[in-house]
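What follows is one structure encoded as structure tokens, with my remarks underneath.
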Amino acid sequence: WDDTRIYCSELLNKLFMKAGMLYPIEKPMTFTHNRDYWLRFFKGNIPDGELGISPRDYDDEKLFQFIGEI
């Protein structure tokens, strides 16, 4: 991969895909909640509509099964 910063969920998605363990679950991202935060974070260039993945996407994914807590 390149040296672009990525979120932990993006790293997991890349690893799962590389290992052939998961189909792409990326989706067009929206940044409607906490819009002011995202404006500052992305320095005014919010990537609305670009494909991405969030930790919540893993929580919603039906292929994963909760097996317990540590």
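Along the sequence shown, residues are numbered consecutively beginning with 1. Just the heavy atoms: all of them, side chains too, but no hydrogens, waters or symmetry mates, feed the values below.
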Query raised in the report: What pair of heavy atoms forms the shortest contact from Met29 to Ile53, and how long is it?
Result: SD-N, 3.7 Å
Report task. Using a strict cut-off of less than 4.0 Å between a Lys/Arg side-chain nitrogen and an Asp/Glu carboxylate oxygen, indicate whether Arg56 and Asp60 qualify as a salt bridge. Result -> yes
Requested in this report: Determine whether Pro28 and Leu51 make a side-chain contact, defined as any pair of heavy atoms from C-beta on separated by less than 4.5 Å.
Outcome: yes
**Report entry** Ring centroid separation Phe42 to Phe31 under 6.0 Å
**Finding:** yes
**Report entry** Spacing of CD belonging to Glu50 relative to CD belonging to Glu26, to within rounding of 0.5 Å
**Finding:** 11.0 Å
Query raised in the report: side-chain contact (heavy atoms from CB on, under 4.5 Å) between Arg35 and Ile46: does it pass, once the steps are laid out?
Result: CA-CA 9 Å; Arg35 191 77 176 174; Ile46 299 175; 3.5 Å; yes
**Report entry** Spacing of Ser54 atom OG and Lys27 atom NZ [to the nearest 0.5 Å]
**Finding:** 5.5 Å
Query raised in the report: Any link between Phe41 and Leu39 through a network of hydrophobic side chains (Ile, Leu, Val, Met, Phe, Trp, Tyr) touching at under 4.5 Å?
Result: yes
Query raised in the report: To the nearest 0.5 Å, how far apart are NZ in Lys18 and CG in Asn13?
Result: 13.0 Å
Query - Side-chain donor or acceptor of Trp38 paired with backbone N/O of His33 under 3.5 Å - result: yes
